[in-house]
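Chain letters run A, B, ... following the sequence lines, proteins first and then strands; every chain starts at 1.
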Protein chains: 2
Amino acid sequence: MDNKSSGGYELTVLMSLGFRAAIDELHRQLASSGFEDVRPAHGFVFQRLAPHGATGNEIAEHMGITKQAASQMIDYLEEHGYVKRHSHPRDGRGKIVVLTERGWGCIQATERIFAGIERRWTDLLGRERMDELRTDLRRLIQAAAEEGHPVHFRPVW
Amino acid sequence: MDNKSSGGYELTVLMSLGFRAAIDELHRQLASSGFEDVRPAHGFVFQRLAPHGATGNEIAEHMGITKQAASQMIDYLEEHGYVKRHSHPRDGRGKIVVLTERGWGCIQATERIFAGIERRWTDLLGRERMDELRTDLRRLIQAAAEEGHPVHFRPVW
DNA sequence: TAAATATAGTCAATTTACTTGACTATATTT
DNA sequence: AAATATAGTCAAGTAAATTGACTATATTTA
C-alpha cells in the first residue's frame, strides 16, 4: 500500500507542503530583492501592521505567541528598520507599532512575488480550480473556527 | 479593500491555516488519548519509520534537518518509549531505528484521528471537491519540485 | 475619589529545538 | 595498505520561544 496516501492525513500533508513550497519561494525571492533579514513570521506581523499599525498585544494575539515574544520580534524589526514604535495616542501604557518605508517596501515586494506565484499556479490549474481551491480551504478553516478552535499563524513545531 | 484577500497570497495563507487547524486538532486528540509527549514533527518521523524502520541519516534527510538534530529527536523518542535503536544488520557504523509497540499505537491513533478529520471535511465539501482539492494541491507541489526546489517537512520559521 | 485590580509593555532568566564543529568507528575507494 | 567517505555521537553555541517579576498607566469598585 502506498504509504503517503494511506490513512486520512494526505490532505493535511499536502497543505503543509504547499505552504512550504510557497513560503520558500517567497523568501528566496525576497532575499534577492534585498530583504535577507526577514523571516516568514515577520510577513504575518506586517500583514497585521498594515495599514494603520497595531499594538504589541494585538500582534501577540494575531500570532498566537506571548506578548514578550512579540516584543522581542518588534525589537528585531525595529533594529532592522522595518517598523517604529510610537507612543499610543489614547493609552499611556501602550505603544503602536507602525511600518517604516522599508517595511512597506517589503510588503510591496511580497505582494509582487506572491502575485507571480499565484499567476503560475493559475496557469497550471485554471482560474476555476484556483477559485474552488480557495473557497474549499476557507470552508474547512471556518468550520474549525466555529468548533471553538481559532487558528493562529504560530510556528508548527 | 479587504486586506486578507488583497495581494496574491491568500491561497498560501489558507494552506497554512488549514494545516494548522488539522495539526492542532490532531494533537489535542492525541493528548487526550495518552500521547501528550509527541510533537507534530514526530509524526513525520513515524511516517518514515513505518513499516521497517530507518537509519538516523534517512530520518535527517526526510525531515530536512542535520543528522545531529535527528539523533537528538531519536534520543527523545527512545526515552519516551516510541522507538528503539537496533544495530544495523549490514553496516557496523549504522543503526536502524524501529517503532516500539507504543510507537505503533501512536501511529494507529493518528490514523484514526485523521480519518475522523477528513470524514468531517468530506461531509462538508463532498467527496468530489475533496478529491479535486487533493489533486490540485498535488499538482502545485509537483510543479515546485520540478522547478528544482524539493519540499521538506521542516519547520517553517 | 481613593483603593483595588487589570492591562501594556519591558527586563531577565530559562527552555527548546535546532545548528556547527570535533571526534570515533566502520566502510569504501584508490 | 592507505586514503577517503560515511554513520553516528558528544559538546557547545544560537535563535526563538517560554515563564516570572516588575513598572507604569487605566479601569473598576467600594
So if I take every side-chain heavy atom of [X] and compare against [options], which nucleotide ends up nearest?
X     : options                : answer
B:K95 : D:dG8, C:dA6, C:dT10   : D:dG8
A:K67 : D:dT9, D:dA5, C:dG9    : C:dG9
B:N57 : C:dA8, D:dG8, D:dT18   : D:dG8
A:R39 : D:dA17, D:dA26, C:dA27 : D:dA17
B:I65 : D:dT6, C:dC18, C:dT10  : C:dC18
A:D91 : C:dG9, D:dG8, D:dT25   : D:dT25
B:T55 : D:dA17, D:dG8, D:dA11  : D:dG8
B:A69 : C:dC18, D:dA26, C:dA27 : C:dC18
B:Q68 : C:dA22, D:dT6, C:dC11  : C:dA22

Neighbour count >12 (heavy atoms, 6.0 Å) for atom CD, B:E147:
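Yes, the 6.0 Å shell around CD holds more than 12 heavy atoms from other groups.
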Kindly check if the number of other-residue, nucleotide or ligand heavy atoms within 6.0 Å of CZ (A:R28) is above 12?
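Count over threshold, so yes.
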Looking at B:I74 and B:G56, what are the two nearest heavy atoms and their distance?
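The pair with the smallest heavy-atom distance is CD1-CA, 4.0 Å.
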Under a 3.5 Å distance rule, please check whether [X] uses its side chain to pair with a backbone N or O of [Y] as donor and acceptor.
X      : Y     : answer
A:S16  : B:F19 : no
B:S71  : B:K67 : no
A:R134 : B:E10 : no

Cationic N near anionic O, under 4.0 Å, A:R120 to A:D123:
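No, this pair does not count.
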Hey, is B:D136 close enough to B:R129 for a salt bridge, meaning N to O under 4.0 Å?
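Salt bridge flag = no for B:R129 with B:D136.
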According to a 3.5 Å limit on both distances, what stems of 3 or more consecutive Watson-Crick or G-U pairs are formed with DNA chain C?
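Output for stems: C:1-30 with D:1-30.
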Any side-chain N or O of A:S71 less than 4.0 Å from the OP1 or OP2 oxygen of C:dT10?
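Result: yes.
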Does A:R85 make a side-chain N or O approach to OP1 or OP2 of C:dT10 shorter than 4.0 Å?
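True: A:R85 side-chain N/O within range (under 4.0 Å) of C:dT10 OP1/OP2.
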A:A70 vs A:R90, nearer the 5' end of DNA chain D by closest nucleotide:
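Looking at DNA chain D, the more 5' nearest nucleotide goes with A:A70.
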Should the side chain of B:Q72 and the base of C:dT19 be counted as holding a donor-acceptor pair, with the cut-off at 3.5 Å?
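Check passes, donor-acceptor contact within cut-off.
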Starting from [atom2] on [N], measure out to [atom1] on [X] and report it in whole angstrom.
X     : N      : atom1 : atom2 : value
A:D75 : C:dA8  : CG    : P     : 18 Å
A:D37 : D:dA16 : CG    : P     : 12 Å
B:H88 : D:dT6  : NE2   : C1'   : 12 Å
B:H80 : C:dA17 : NE2   : P     : 10 Å
A:M73 : C:dG9  : CE    : P     : 14 Å
B:R93 : C:dT28 : CZ    : C1'   : 8 Å
A:H42 : D:dA15 : NE2   : C1'   : 11 Å
A:I74 : C:dT10 : CD1   : C1'   : 11 Å

